[in-house]
Each structure stands twice: as C-alpha cells, then as structure tokens.
Amino acid sequence: MNAKNGMALAVAAAALLIGAAACTDTTVQPKSTVTDANVFSDPSSYQQFIARVYAGLALSGQTGGAGSPDISGIDEGFSQYLRLYWEMEELPTDEAVIAWNDIGLPEMNTGLWNSQSTMVVAMYYRVLFQAQMANEFLRQTTPDKLAARGNVSTALAAQIDTFRAEARFLRALSYWHGADLFGGIPIVTEANAVGGPPPAQNTRAQVRDFVVNELNAIKTQLPGAGPSSYGRATQYAVDMLLANVYLNDSVYIGTTHWAEAKAAAADAIAGPFSLNANYHYNFLADNNTSPEIIFAITSDGVHTQTYGGTTFLVHASCGGSMNSATYGVDFCWWGLRLKQEALNFYGAGDGRSSYFYSAGQTDTVTSIPNFNNGVAAPKFQNVTSGGQSGSHPTFADTDFPMFRLAEAYLIYAEAAVRNGDDKTTSLGYVNALRERAYGNTTGDLADTSALTLNFILAERGRELLWEAHRRTDLVRYGLFTGGTYLWAWKGGQELGTATQSFRDLYPLPQNELAANPNLKQNPGY
Amino acid sequence: MRRVRFVVGAFLTVLWTASLSAQQTTGGVHGRVTDAATQQPLSGVTVAIGAKSALTQPDGRYFLAGVPAGADSLHARLLGYGPVAQYVTVVAGEDIAVDLTMSQKAVGLAEMVVVGYGEQSAGNLTGAVTQVGSEKFNPGRVIAPAQLIQDKIPGVEVVDNNAPGGGLSIRIRGTTSVNASSEPLYVIDGQPINGAAGRGPGGISINGQDPLNALNANDIESITVLRDASSAAIYGTNAASGVVLITTKSGKSGTHFEYSGSMSGSSIDRIPQMLNAAQFRTAAAYYDSVNATNVSSQLGNANTDWYSQIDRSAFGQDHNFAFSGVEPATNWRLSVGYTNQEGVIQASSVERLTLGFNLQQRLFNDRLDLKANLKGSREDDSFAPNGMLSNAAQMGPTQPIYCDTCVSGYANNTGYPSPSNPVELLHWATDKSTTYRSFGNVQADYRMPFLESLRAVLNMGFDVARGNEATFYPTFLNDQLHNNHGTQFLQNPSSQQGSLETYLNYAAPLGFVAGTIDLTGGYSYLTAHAEFPSYTGTNLATNVFGPNGIAPTLVAPNLPGQSIQESKLISFFGRATYNLNDRYIVAGSLRRDGSSRFGPDNAWSYFPSISGAWRLSEENFMKGVSWVSDLKFRASWAKTGNQNFDNYQQYPTYQASNGGAEVQFGNTFVPTIRPGAYDSQIKWETTSSTNFGLDFGIMDNKITGAIDVYNKNTDDLLFFLPAAGGTNLSNYAWTNVGSVNNKGFELSLGWKALQGGGNSLGWTLDFTGAHNKNEVTQVNPSLGTTQIPVNGIAGGVGTTIGVIEKGQPINSFFTCAQYYQGGKPVENVYYNAAGTDTVSGCTSNKRASHDPAPKWILTHTSYLTFGKFDASFTLRAYMGNYVYNNVASNLGSYAELGRGSPFNLNTSVLSTGFLQPHYLSDYYVEDASFLRMDNIQIAYTFNWGSTPLRVFGNLTNAFTITGYSGVDPTAGANGIDNNIYPRARTFSAGMNIKL
C-alpha cells in the first residue's frame, strides 16, 4: 500500500472513529427544571418541602388561587383538601346544603353519591396525595440520604427530625380522614417505591392501627404549643387526633376506647389553651390569635390563596340580600345555607346563632338551588374581630380550626358519659361552653343528669356547626343512615327518607378499582 | 461501543482486501456519463467492461481498474435510459478516459431522488417516496415552505394557517400521536432540524409563526417526502410522522443573475356570520319579551359592522435576487430575498429578509467534494391584538365606534362582562416580534483513492434562532379596566442546535455474483439548547413605556419566567441495498438511537426496516404487454419512533410555589416545593408500519403513477392518565399506554396528455387521492379509562369538545345528537346514548361522532403550455372532514344578550331559537367537505431585447365550494373554528428575469 492510500485509509478511519469513539452518553441534566438531584443543594428546601405537606391541607396547588393543581381530573378550586373534606362531612348531614349544580355536588346534599361522584373521587386521591407527599419527604430525608448529600448541619438535621415527625403526623391525619370516610384503603408509606405496583388494600382496622401507632411513635418528637408552632403539628394536635380516633373506635374497629379517648382529650385540655371569650372570634380573619385553636389549617389572603378552604366557606355562605362587604369579600357565591334541622339546634339566647342571616331567607329548604331557601350561616368571615376586612377581597385570611379546645371538652364529656365516670368535670366543661354561648349562666345544665348522650350530640351540633365533624358524629350515634333520624333532603326527599346503612362509608372510586386490582369496593356500592 | 468498533473494523478489512486484489490489474478506464439531452451527469449508471463493472458517482464519474489489456466493449446501463456500448482498447499500465452519453427512454425513472443519507434513482425506490421539484411547486405568495407541496403528494396533508407567515402543520398518513407532536422531521440539505423543545421543525416559533419561514421558498430546489416507514426508518426515533427532505438551490450552469418579484393584493374571503344592527335590535326585543327584561335599553343607536373596521385589502410584495455561477471545480449561488405581506386583518403582517449561500468546491482531482449551505433570515411580525377577532364577533353592532368623552377615545359597553371595542384594541394594543434564524452545514465527501467506490462523508451543521416579542395592553382598555389593569408581556426565546454526522458509503457491482450493492453506515450526534425567558407585568403604573422597556407595576409583578431546554440524540445507522438488474431490489436499514429524553433503562433502542421491490415489467411474461412501460411492486415494513415531546419527563421534578401559595409557620410564611408525578420508564412512541405499493408507467410513461396501501400501528402513546392511588406523586401521570392505528390508500397519477411545443397545446395532468382511516385502538389497558376529554372550546368553564376513545378516530367530537322537529333543533332535547329515545340535557348521552380529519383528500393540478404562454391550476377537495363551529355555539343563544352587556349573536340563533347555550349539541358539528381552487396561474415568456422575461399573474384561494357555515372548512388540525384568522384571496402579478 502506498503512502497516498495509507493517508486515505487514515482519513476514513478518522471519520469513522469520530463516530464510534464519540460520546455515547445521552444524559442531559435539567437546568431550569429542579429535580431531586439538585433540589436539596439548598438547605432551605427541607423546610419548604415539609411546608408543602401542610400546603396539601391548605392549598390546591403551587400557584396562589389556581394555576398548577396538585391533582387532576377535577376543577382545581373544587379539588382543595379542606373544601372536599368539609363537603363530605357537612353536606349529607342535617347541617348544610349547597345550591350549585356542578357535576358531583348535588348528590352530596342528599347522600346519594356513587363511586364516580367527582367530590368523592377527588377526596380519595387527596388523601393518598397527602400520604405520598409525606412519604416522599420521608424518603428524601433518611439519615443515609442526608449523610450522602453532605451539606446538612447538625442543627438542620435536628430540625429535619422534627419535620419527619410532622410529616408522619400529617400522613396520620389524612389516613384518619381516609379510614373515616372510605374505610379500608391502602396504607402507602415511604417503603413503597414511586412508580411501583399498585398497593395492597388494608382493612379499616389496619388503617386505624397505623394511625394510632404512628401518633404514639412521634408524639414526643413534636414540640409543645408555642408561637412558632401555630399552624403546625404539636403534641396537643396528636392528643386531639388520638382522642378523635379513640372516640370513634366503636365504628372503626367495633371496640370501644372511651377511657383512652377521655385521657387523650384530657392531655389536650392540659395544654396552654383557653376558651376564647367570644365564640365567634374563632372563625374570623384574625382567628390565628385565638387562644382556643389547637390545630388550624391556615389561610391568608396574600400568602396562602386558594379557592377552597375558608375562601370557599366565606364566599359560599354569602348570597341573597347579604352584603358581601360585611363578610370581607368582593362577591357572594350564593351556595351554602342551613338545613332547617340545624337552625332548630339553637334555643333562644344562644349566641352561637347570632350571626345567622335570615332576611329574605326561608327556614326550610324547598328548593336546593335557590339560595333564599334556608337560613344563611356566615360563620366563617373574612373580617377581623375588630371589624376590619381581611387582607384580600377574594382570598380569606380566616384559618380553619381543625381542632380546638371546645371540641376537646366535648370529647371528654362524651367519653366520660359513655364510660359512666367523672361526669362532674364534664359538666364543668359543657357549662363553660354554654356560659360563653349565652353570656351568662342561664344556659347552664343544672346537674349531671342532664348530661345525656343525646344532649352531647346536640351540643356538638351547636358548638361545632359547620366545622366538618357532623357526619362522623352522626355515624357514631348510628343516626347517619337508616330511618331513625330524618332531615331535609336525606335520601333525596325534601322531608327526608331512610337511607341504607352502607352509606355510612363512601365508595372507593370506580376508576381506582380498575387501576388497582387489589382493591375491593365497599359493600353496597 | 466495542461491538460497533468491531463492525466498523470488519467493514474496513473487507474493503482493504478488495483494494489489494485491485493492484493485480494491468489497465484502467474512467470517465463521465452524462445525459445526451441535458448534459447533466448521470449517477448510478452501471458501467462494465469484461468482468469488471462500476457504478457512476453523483458527479457521473466512473472508475474501472484491473481491466485486462486489449480491445473490448464498454457497456453502460441505467434504468430509464437506452443502453450504450462503445469499443475501447485498454493499454496495460495506463488509465484511459472514456466519456459516455445516454439518452432517456422512460421519463422519470432515472431521476435522482434525495433519500436519508444519500440519493436513489426514482425507479429503484423500494418505499413510498415522492419528490416534488421546484417546477411543480405551488405558485403565489408562499411564506412557509410547506405550502409549496400542498396538494402535490398523496397522503401528505398540509394543514392551512391563514395568518401571514402562520405555522403550517403537515400530517403524513394521518395523525399518529395525541400528546407528542405529529409533525414530520425536516432535513434541510442533509441536516436534520429538530429543536430542543422537542416539537416541530426546530428554531423558535413566536405566536405560532412557522419556524421554517426562515427558508425562502425561492431558494428551494426540491422537497422530498418519505411517507412510508421503511424509507424514513433510517431517521429512527424522529421518523414516525414521516420525513421531509428539503434540498436548496445551487449553481446550475454558467454565471447568472436572476430576479423574480411580484406584487399582490389580498381580500378577506369569509367572516363569521353575526347579526347586523337591525337583527340585533329585533333579537334584543325578543329577549326582553321572553325574560321581562330591558336589554334593549342598553343597545346603542349606531350601525357598525365591526369586521369591516378591522379588516383590509392587504398589499404584499416579494423580491428575490440570485447570483449563481458554475466553474470547473466550483459552483455557487448567492441569494437575497425580501418579502412584505400584510394580513387581511389589520395590524397583522410579516416582513422578512432572507439570505442564502450555497457553495460547492471540488478538490484533489475531484476526490474531495466540499459543500457549504448557509441560510439566514430576519422576520418582523406584527400580530392582531389578542381578542380582536373574537371581540369583533361579540361587540354589539348597535354600538358606536368612537366616544369623545372616553379616555381611549373609543366607545365601550357600560356593563361587565362585556366585549371590548375591537377598534380600540386595534388602535392602542400592540403585539410585535422579531425572529432571527440561521442554519447551515458544511459537508465533506471524500472518495477513497484505494477504493473508488467508497466515500466517506462528514457533515457538520448548526441552527441558531433568536427572537423577541413585546405585547402591550394599556391600562384604560375596556378589558384591562376589569382585569390585569394594563399588561406587558415580553419574551426572548432562543435556540441553538449543533449536529455532526459521519458515514461511509460503498456502492459497486458485487462482482462475484450479479447485481450491485449499496452500503451506508454512520454515526450521528445532535445536541440542542433552547431558552425561553419571559416577563409578564400587570397593574401597570404608567402607559408611557408602551411595549418598550418595563413599566413599574402597582402590585408585585409575576416572577419572570425562564425555561431551559436541552436535549441530545446520538445514533448509529446503516443501510444495505442489493439490486439485481433493476429487477429485484432488497433493502434493509437499522438505526440505533440514544435519546436524552428517556431514563437509562430506555435510552437506547433499535429501529429496523426491510423493503423490497420487484420490477414486473422486466419479467418475460410482461414483455408482450407493450403498453406497460414500467411496472414495479413494492413491499416494506419498518419500526420508527416518536420522541417529539417534552424533555425531562423521566426525572422527578420539583415545582416551587409562587408568593400566593405559601404556608404559615408560626408568624412567618414559608414557600413550598412540590415533587411532581413522573414515570422513570418513559420512552418513545413506536410505530410499526407496512406498505405495499405499485409503481406503473403506461405508454412510454406517458401515464405514470403509484398506488400504495399502508397500515400503521403506533403503540406506547403518551397519555396523561390516572395512576393507581399511592403509586405516584399525584393522581395523574404521563405514561406510555395508548395505541392508534392508521390505515389507508394512496393514488397518484400523472398524465402527459398533450406533448405541446411550438404553437400546439401542451397539457400535463396530475391527480392524487388519499384515504386514511384513523382509530384509537387502546387508551389504557390496565385502567378502566376508555375516554379522555380533549380540545377545549370557548364557552363555559373547561368545556371540551373532543375525545380520545377506543374504537374512534383521534379528536372525535364528543357531543349529543340533537333532536329536530320540523327541521328545527329542539332546545336541550337530544337523543339518548342508544339513539332510541329523546332525553332532556346533554350529559351521559354524549357520544363520539365525526372527527376533523378528512376521510378523502383529492387533488388535481394541470400544467398547460401554448406557445409562449404557460398556465396551471390546482384544485383540492376534502371529503368527510367535520368542523365544530365554535363562534356559532358560543354566541348562538339569546342568553348572550343578558350578560353584563349584550353580546352579539351568531346568525345560527335565527335558525335554532336557542334561549340558552348548548355547546355540546352536534348541531354545531358541521360537515366541512369542500372543493377549493387553491391557485390559478397564467404566465407569458418572451425576450425583452435579448433578455428572457417571464411575466405572470396568479390567484390563490380563487374559490371554495362548501356547505360549511363558518369561516373556513380547513380550521386547523383539531377542527375547531373559534375566531380563527380568516382566509385571504390573493391576486399577485410579477416577473422573472434571468441574465
């Protein structure tokens, strides 16, 4: 071979080797897109991530108002956790009715939902979304991962330990909601891989046990109550959640735990909380200053904007001849009113109904879409205790008291009465609430004999109206389904009709049964 | 990579051995083969002497070595040409030069067609490939190049966009994807163009302008479309939607200066049919009588035709200068183009300057062929302000235009919500952009001295684009007073792409057995980077800045946005073709693609193809059938991919909250970060397709044509679907689950009816016909999901009109069957799902019915010559395409009169009498079949002095015959006619000079 040929061969070989030896690495790391590979290079990401787990209760997505929703398949405003939870706990009961015809809403008023009802489906995914946010936080903050990143200081590591306990609290809270609403749902923890196979179904009792075990495991890792922990999980929030679970164990596992419920309530009562002298201040724009609130879902007109939560409650409670400015918002949404049964909870002199609005409203709800049917109950308002409007005309400042001291009193009283002990302390708690309600002692119970279970249910209705407890209470009392207690539009009839007992539980979403073959539908659906 | 190196090594070893044996020869013959009539070089000619044979190169050269000394016959053979033979005497140790000329016998067969990484003679294609040369391009004012081949190729639908410079869409053999792009891959002068953002033909697109506007239509020599998968498969993961290969012009002969230019005037074709002032007053009176209201009191006293206030007769001009030259070792072409086209809607226009440079230089005894192609452009676009068209439809015709006492000087309704005065928008709002794009490549093609049949090709290319857009809506505009309070939007997108491709090609007779072989193998590396910074300011403190600069805002502005998109595609590819006497041809190709869009498990994949052709006309049993001049059967199968979707979907990404989505911790607010759902196993959509074709020529190829049938199955379609609860980080995730099938039939026919010449009439007729049936065959096998709603419309909140449903075509309309009584739709009464009874309301009785894609596309072009005159016209017909008339549905009920202020109504309300809107009634889904005269051109060529001069006039969009009631029956790929830009009818006249 001559030199020319050799050169040519070299050229050919070079041309090919450029190809063959050239880069075959296809990896391109995102730059403007943040991934788990780089997000924790910023130490503040840990706090922002745990904040995100709280945001799961308070917000619907990553853009104030709406714009980047957490879950899909439903309008973002409708998809907000608290809004859904509130609708599921209040609309099918004797307390509330909503006017709108949006898909999935009308059946919430009557209790005649099915496994495709939009709100029911969305709530199921909200619960699991919350669990997965908490799980991902736990996956990303294991000691191994923190060590591997090498940029976590000792102080931060200690903070992260608390964050992890908070994540587990929030996961337990949602699993309590899930078990209460849906019964047996899959327990998904940080041990389940993202993108893994569909999880196995757990029984309602297993979910309940998971919640109790988790709460007991983390309680001491959480802080006590203090100014810096407002809006966050504390030991007292754990007490309240445990008290709620124990109180309903007769429903969840068929075994009563009244003593445990009472003890947990007592733990919360022992905390640094006191009744707010003015009942209604617990539901106004500056209720973050109320000494009574143990755990709140926070809201802020500027910083924490959502079309769900209290923004929904304030706007939707307003309509008819009501002046929206009175309630600190720009528009009325003409949605929520009382069913007549709830109006009748209250006796004369009970200040807890003083904010009801009846001008132009009928007492009875003859037509659900007509806002003027049923007395309006603007309990949640976007004005401060001093009468100032909230910071934003659309988005409410008002926090939602998920647990407050009054509820601890009532849990204590109910557990004591059911357990047949210590009625005297209970009487004191109940009368404390009634004296606040009446402004004097005229509403007080004379003695413990008046402290009956039926009285406590009625008192819970009065004290905790529209605070998302009612369905659970009625189920515990065996009144939610069946024909013992009828209220307007129960079962789809204006005067109410008996419903079947399987409706004590919500159905699992129909699509979910197809997506996860491990799941069995709740009986009756 | 070891395996690839081994294969390359083995390949070189074979070639090396071949060259050793070549050294035993005693004499050689070389030369060029050209066409006797055109003097153009002929490529792929088999030249043989004794037992030695070779194929000519693209420049017509052949080299025969090792020829025994003595006299022998030198034969040359090429499909479509008459064979030639010549006696030569080979002298030992010498290399003699023999040039040959050949005469064409059957037109078209030997024409070289550009294919992936090479060229092939048209007659020997094994796939469905159609090349359209510039002589058959659509005339008239063409800005986006895809317009040139509209109606020219069966199975290739060029989806119209009526706005000047608006982005055209190409659908080759139906829609193959829902959420990835269905646009084909563009390859310009051998350089693949696809952007980092993963959609469309690279570059950047502001407000949907066509990114290929950067390429002047006058610089394009030919456009080839690879329709079937086997020919496209060499482009692997970008080939599932077909491939469009564009070759730009280079110097052809001598030294020339050319000018071509034209002036044009355009007028609006059709506008939405809205009530006039008198009808509007009557409607308001009727509404008042039904609802006991006094809407009539809100009507003004004017009589305004709002469309006539915002449309115009649009002027356009186009000038192109080209200098070109051919010297022995060099040819070059330099071009400059200027286009200025107004839109028929005021404020919309495109002004474009283009530069083109092509250089070809042959070096080292023509062994090294260097080519450089360079294109650059600047495009200044102006757009009609957002909402101007919809406001012209909505604004009451009884409202006046001007208002002396108003801040803006224009009248508006008092109530709200209300439409805004479109003339106010036109006067005060601006939306302008400028886009720069340049792309080009340098290609070195080296013919190996030790083995003349072996070429090494190195191709390096770049594509850079940069743009800016500024929009401005002052605070005092009607809509801004209620929302945003003044809006500025600025963006500066940019993109860069680099490519390196290198391959070897070996083409020669096999020698030891009959037939020739053509081998290609190579490597490709593409990297792309794009940035999309943007800024939105609302609540402006001042209007003085207009679209320039950044106005202070009264409340905190949205954070500026920035998205950086990067991608890589690395590929190894190879192709082998065996051709036995042009009678039997077998080809196979294989591409291995690695993409940055997928996780490590799915980063690499193979895309194979196999195809064959059998020329029946060469068989003995066909010899007697003299009227058949050529008959070839083709069959192919291939697998191709589609990765034209967003980057980074395989990564768990975190989204930060904005200031309104923080959480209270004690007394402070903490922003949040949210991990998003993802599928680490995300991968390309894959298409397997088979194609059978028949190419034929009748009566000495006076009639030529092709019939193709195909069946394409696309799997692993990306859908955004519910994930089982607890398995991902949200309840929906993107994942590869769906399937879609396209099957169809294509026919093309060319008939040289009259030869013409002199003063006799010449007439050539081209016909195409294509039928495609699209069906979604799988939505989600593991999940009960059977329907995915798609395609939002105007009207209601989140209303969608389309559906992806198993068993139905993509984007089928999902509506309720309207019930009629006496030919009139009965309000809110529909058939039930089974169609057996009527029900009130449209909820669960929605069903998929009709879809926007035409079932049949038929086209015809005639080319006529008579003396110094020539003429052409192109007709197009769609059958079975449906359009949802969203203007009619959104403004189709009297309820529009009862809003904050009365909105104008579509004339459909006069037929329906609807009191409330019924967006989902199939009354609004209209059969949009049509026949359209796309263009007519007449030209006259004469000598002005000694200068040949051609003058022409043409009319585009001459007429449309359709039963569709809306603006345009070709209302985009999704078939939704919602205040789309109206179509223009354009007359232009111009001239060409060549010096």
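Each chain gets a letter, A, B and so on, in the order the sequences are listed, and its residues count up from 1.
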* Is the backbone N or O of Glu566(B) less than 3.5 Å from a side-chain atom of Lys31(A), with the two atoms forming a donor-acceptor pair by type? -> no

* Rounded to the nearest 0.5 Å, how far does CZ of Arg52(A) lie from OG of Ser657(B)? -> 8.5 Å

* **Non-hydrogen atoms of Tyr651(B) and Thr27(A) that approach each other most closely** => OH-CG2, 3.9 Å

* Sub-3.5 Å donor-acceptor pair from the side chain of Asn731(B) to the main-chain atoms of Ser72(A), do we have one? -> yes

* **Straight-line distance of Thr26(A) OG1 to Tyr525(B) OH, nearest 0.5 Å** => 10.0 Å

* Asked: Taking all non-hydrogen atoms of both residues, which atom of Ile71(A) and which atom of Ser730(B) are closest, and how far apart?
  -> CA-OG, 3.7 Å

* Structure fact -> Okay, Ser595(B) and chain A: the region with an atom under 4.5 Å from a heavy atom over there is backbone

* Structure fact -> In terms of heavy-atom contacts, Thr35(A) and Tyr654(B) come closest through C-CD1, 3.9 Å

* Structure fact -> Cut-off 4.5 Å, heavy atoms of chain A, and the answer for Asp679(B) is neither

* Asked: So how far is it from Leu729(B) CG to Asn135(A) CG, rounded to the nearest 0.5 Å?
  -> 9.0 Å

* Structure fact -> Sequence neighbours excluded, the answer for salt bridge (charged side-chain N to carboxylate O under 4.0 Å, His left out) partners of Glu166(A) is Arg232(A)

* To do: Under 4.5 Å heavy-atom distance to chain B, tell me which part of Ala58(A) shows up: side chain, backbone, both or neither.
  => neither

* Would you mind checking which part of Gln510(A) comes under 4.5 Å of any heavy atom in chain B, side chain (CB onward), backbone (N, CA, C, O), both or neither? => neither

* If every non-hydrogen atom of Ala51(A) is compared with every non-hydrogen atom of Val670(B), which pair is closest and at what distance? -> CB-CG1, 3.7 Å

* Asked: How are the rings of Phe669(B) and His303(A) set relative to one another: parallel (under 30°), tilted (30 to 60°) or perpendicular (over 60°)?
  -> parallel

* Asked: Does the gap between the ring centers of Tyr230(A) and Phe665(B) come in under 6.0 Å?
  -> no

* To do: Verify the distance criterion only: is there a donor paired with an acceptor across the side chains of Thr304(A) and Gln664(B) at less than 3.5 Å?
  => no

* To do: Could you tell me which non-hydrogen atom of Gln62(A) sits nearest to which non-hydrogen atom of Gln655(B), and how far apart they are?
  => NE2-O, 2.8 Å

* Apply salt bridge (charged side-chain N to carboxylate O under 4.0 Å, His left out) to Glu136(A) and list each qualifying residue two or more places apart in sequence or on a separate chain. => Arg139(A)

* Taking Asn658(B) for its side chain and Gly64(A) for its backbone only, find out whether a donor-acceptor pair lies under 3.5 Å. => yes

* Side chain, backbone, both or neither: which part of Pro198(A) has an atom under 4.5 Å from a heavy atom of chain B? -> both

* Would you confirm whether the ring centroid of Tyr125(A) sits within less than 6.0 angstrom of the ring centroid of Tyr732(B)? => no

